[in-house]
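Residue numbers run from 1 in the order of the sequence given.
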Amino acid sequence: MIQVGRHNIGPGKAPFVIAEVGSNWHNIEECFKSIDAAHKCGASAVKFQAFTFGALYGMGKSMMPPTYNGKDYEMPMDWIPQLKNRADSVGIEFMCTAFDANTMRAIDPYVNAHKIASGDINYVELLESAARMRKPVFVSTGGTTEGGICLAMSMLSGVSVILNYCVAAYPAKDANLFVIDELKKIVPVVGFSDHSTNFTYLPLAAIKLHG
C-alpha cells in the first residue's frame, strides 16, 4: 500500500483516479474551473503539467516554427500555490508533472507525490531529483522497454513507485491491459494511464481485471 496525501493506494483499496488537465488551459480561472469539475466528477486527484519550453523540447526556441509560442503553454510558477490552495479547498489531491529537475524542486512543497512522464522514464537527472524528494512517484511506461523500466526502478530505489501502463499514442487505438500483470512482477501497485478516446471502457476494464 502506498499513501499519497489522505489516500491509500493499492490492492483492495478504492481506485485512485487522476483527472488530467495538463496544459489544457488559457488562464488561471480555467484551471480553477478544471479543479472544481474534477472534484465534482469524483476524481481523487487533479494533475497539471509544469515545464519550460527548453526543458520540454530540448532545443532553443529559435529552432521551432516561428508561429509557435511556447510561452503560451508554460504554467507560471506562481500559479502552483494558488492551484494547490484551490484543490485543498474543494478536497481533491493536487498533482503536477515536472519535466526537468529545477521545476520538480519548485513544485515539491505543493505535492504529495511526483509524476514522471513516459518520455522521461530514463531521464537520469529527473529520476535522481525524484529519488531525493523521498515521496511516492508515478511513472508512465509508454514507449519504453522492460530494460528501461528496470533502469528507472533502480534509480528510484528507496521510494515508493507506482507504474502506470500506457500506450504513447494520441489517441491510443489499442491497449493490452494484460501488460499490467507483467508490470506487477516489478512493483505491487500498477495503474493505467488512458490515452484513448473512450474514457470509460478501458479504465473500467483495467479496474475490473486488475483491481
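Met1 belongs to no hydrophobic cluster with other residues, because no ILVMFWY side-chain heavy atom falls under 4.5 Å from its own, directly or through intermediates. Annotation for Val17: hydrophobic cluster partners, listed by chain and number, are none (ILVMFWY side-chain heavy atoms under 4.5 Å, direct or chained).
Residue pairs meeting the ring pair (Phe, Tyr, Trp, His ring centres under 6.0 Å) criterion with at least one member in residues 1-23, sequence neighbours excluded, are His7-Phe16, Phe16-Phe138.
Glu30 pairs by the salt bridge (Lys or Arg N to Asp or Glu O under 4.0 Å) definition with nothing, not counting sequence neighbours. By the side chain to side chain contact (heavy atoms under 4.5 Å, CB included) test, Pro76 is found to be paired with Trp25, Asp78, Trp79, residues two or more places apart in sequence or in another chain being considered. Here Asp194 pairs with Ser196 under the side-chain hydrogen bond (donor to acceptor under 3.5 Å, both in side chains) rule; sequence neighbours left out. Shown here are the salt bridge (Lys or Arg N to Asp or Glu O under 4.0 Å) partners of Asp108, two or more places apart in sequence or in another chain: Lys135. Ser129 meets the side chain to side chain contact (heavy atoms under 4.5 Å, CB included) test with Ala101, Met104, Arg105, Arg132, Met133; sequence neighbours excluded. Residues forming a ring pair (Phe, Tyr, Trp, His ring centres under 6.0 Å) with His195 (at least two apart in sequence, or on another chain): Tyr170. Residues passing the salt bridge (Lys or Arg N to Asp or Glu O under 4.0 Å) test with Lys185, sequence neighbours excluded: Glu182.
The side-chain heavy atoms of Ile28 and Leu83, taken from C-beta on, include a pair separated by under 4.5 Å.
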Considering only distance and modelled atom types, tabulate donor-acceptor pairs under 3.5 Å from the side chains of residues 144-156, sequence neighbours left out.
| from | atom 1 | to | atom 2 | distance (Å) |
| --- | --- | --- | --- | --- |
| Thr145 | OG1 | Gly147 | N | 3.4 |
| Thr145 | OG1 | Gly148 | N | 3.1 |
| Ser154 | OG | Leu151 | O | 2.6 |

Side-chain donor-acceptor pairs under 3.5 Å in residues 87-100, sequence neighbours left out?
| from | atom 1 | to | atom 2 | distance (Å) |
| --- | --- | --- | --- | --- |
| Asp88 | OD1 | Lys84 | NZ | 3.3 |
| Ser89 | OG | Arg86 | O | 2.6 |
| Glu93 | OE2 | Asn112 | ND2 | 2.6 |
| Thr97 | OG1 | Lys47 | NZ | 2.7 |
| Asp100 | OD1 | Thr103 | OG1 | 2.7 |
| Asp100 | OD2 | Asn102 | N | 3.1 |
| Asp100 | OD2 | Thr103 | N | 3.0 |
| Asp100 | OD2 | Thr103 | OG1 | 3.3 |

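Looking at every heavy atom in both residues, Leu127 comes nearest to Ile121 through CD1-O, 3.2 Å.
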